Amino acid sequence: MTMHNVPTIPYFRPTGRECDLFQTAYTNGLPLLLKGPTGCGKTRFVEHMAAKMGKPLYTVACHDDLSAADLIGRYLLKGGQTEWVDGPLTRAVRESAICYLDEVVEARKDVTVVLHPLTDSRRTLMIDRTGEELVAPKGFMLVASYNPGYQNVLKRMKPSTRQRFLAIGFDFPKPDVELEIVVKESGLDAGRAAPLIRLAGHIRSLSGMDLEEGVSTRLLTYAAKLIAGGMGIDQALDVAIIEPLSDDADVQQSLRDLVATIYG
Ligand code: ADP
């Protein structure tokens, strides 16, 4: 969990009306779900909005061991005494902050039970262990992200949960916008960044066949950073794109062939 008051506003290049929609969700006290593939800018978007709105942000990267107690809090032993310690969600509610649950479907099932009363008109966080029922103040906002691309049925979000959120679909930006982002994030000049964007277009058209998912904007910025730092293109693409995308030797070879056609 990280909590930060971001002093400067992190760079985020909007690709649609997402900033207005975020603000509208906040004003209406509605939770927001960001749907989209990994590395397409969801986290950056939330960090940008929180900083712009001057709100503290609690980010929780959900994983399959994350339980309701990890979000709400638990009794801890301190100097022979038990003491209640708020978890990040409880703190966010108490402090009128934004709580961002990244990849919420990864979390254990008991998390859903906690989210339901918080994401409907009750806006209530039930702290079973202490008997407390916290009504979220107007300034509290719950944001969650979810990757609909994963094929695993167990990791799908249940309609009863998703229908409590306003939702925005994210995707990889259009090529000209992605170029702008990669240049800005990496410092690589547009001339050398452009082939990376073309490569991404080709790789994304392969995804679904051999690749579970296309290359993310995040990986493109990694590759661009390495190239800007002086690494040779082949090596940069190998460590930043090909190896992270696949473990399969045949798939890696077809990716190298693609690289060769684009850079050849
Ligand atoms: P996600 O949360 O969707 O997995 P991130 O928000 O962590 O992805 O994005 C990964 C990286 O991609 C960011 O650190 C940033 O460098 C870059 N990025 C992607 N989309 C944008 C955007 N619209 N504006 C600025 N940077 C972006």
Side-chain angles (χ1 to χ4, degrees), residues 1-4 6 8-23 25 31-53 57-64 66 88 98-107 141-150 152 155 157 165 167-190 192-194 196-197 199-201 203-204 207 211-229 236-237 239-241 244-245:
M1 189 267 295
T2 56
M3 189 301 206
H4 41 267
V6 188
T8 52
I9 299 177
Y11 165 69
F12 174 73
R13 164 65 159 88
T15 56
R17 296 195 49 227
E18 61 272 48
C19 297
D20 286 350
L21 288 168
F22 191 102
Q23 189 71 51
L32 183 64
L33 182 65
L34 311 177
K35 305 194 297 177
T38 181
C40 73
K42 301 183 294 296
T43 304
R44 178 63 66 86
F45 170 58
V46 179
E47 289 170 350
H48 170 84
M49 290 307 296
K52 207 157 79 173
M53 292 158 69
L57 171 65
Y58 286 85
T59 296
V60 183
C62 299
H63 52 80
D64 52 13
L66 187 105
I98 296 174
C99 184
Y100 175 48
L101 304 180
D102 192 9
E103 297 288 352
V104 68
V105 279
E106 296 291 332
M141 180 176 186
L142 182 73
V143 184
S145 76
Y146 158 65
N147 182 350
Y150 286 144
N152 189 344
K155 294 290 182 198
M157 204 169 182
F165 289 82
I168 307 180
F170 274 67
D171 206 345
F172 300 121
K174 290 207 254 338
D176 55 330
V177 176
E178 192 161 48
L179 178 64
E180 188 185 319
I181 295 169
V182 170
V183 165
K184 172 93 179 160
E185 287 284 297
S186 67
L188 187 68
D189 57 275
R192 284 192 296 164
L196 289 173
I197 308 297
L199 177 66
I203 295 177
R204 286 172 191 158
S207 71
L211 287 172
E212 194 176 357
E213 238 179 6
V215 61
S216 63
T217 309
R218 180 192 293 122
L219 287 182
L220 296 178
T221 65
Y222 287 177
K225 273 183 193 159
L226 296 180
I227 297 167
L237 295 182
V239 291
I241 293 184
L245 274 183

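Whatever order the structure lists them in is the order used to number ligands and atoms, beginning at 1. Just so it is clear, the structure is predicted and the values come from calculations on it, not from any experiment.
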Heteroatom distance test ([X], ligand 1): nitrogen or oxygen, under 3.5 angstrom:
X    : answer
R218 : yes
R44  : yes
K42  : yes
G39  : yes
F45  : no

Worksheet, complete the sentence: Short version for Y11: what comes under 4.0 Å of ligand 1, heavy atoms counted, is both
Item to complete: Select one of side chain, backbone, both or neither to describe which atoms of R13 lie under 4.0 Å from any atom of ligand 1, heavy atoms only.
Response: both
Element-labelled atoms of ligand 1 that are located less than 4.0 Å from some non-hydrogen atom of [X]:
X    : answer
T38  : 4 (O)
E185 : 15 (C), 16 (O)
F12  : 22 (C), 23 (N), 24 (N), 25 (C)
T43  : 1 (P), 2 (O), 6 (O), 7 (O)

Side chains of [X] and [Y]: does their closest heavy-atom pair fall under 4.5 Å?
X    : Y   : result
V46  : L34 : yes
E18  : F22 : no
I168 : L32 : yes
P10  : R44 : yes

Item to complete: Run the numbers on F45 and T43 for side chain to side chain contact (heavy atoms under 4.5 Å, CB included), then give the verdict.
Response: CA-CA 5 Å; F45 170 58; T43 304; over 6 Å; no
Discussion item. Looking at ligand 1, would P173 count as a contact under a 4.0 Å heavy-atom criterion?
Written reply: no
Practice prompt. Could you grab the distance from atom SG of C62 to atom CG of L101, nearest 0.5 Å is fine?
Written response: 5.0 Å
Practice prompt. Of all the heavy-atom pairs spanning V183 and A190, show the shortest one and how long it is.
Written response: CG2-CA, 3.7 Å
Worksheet item: When you measure from the side chain of R204 to the backbone N and O of V215, does any donor-acceptor pair fall under 3.5 Å?
Response: yes
Response to the item:
Nearest non-hydrogen contact to atom 20 (N) of ligand 1 from the set G36, P10, C40 belongs to C40
Worksheet item: Which of these, N147, I181, V177, V46, has its nearest heavy atom closest to atom 21 (C) of ligand 1?
Response: I181
Practice prompt. Check step by step if side chain to side chain contact (heavy atoms under 4.5 Å, CB included) holds for I227 and R192.
Written response: CA-CA 9 Å; I227 297 167; R192 284 192 296 164; 3.9 Å; yes
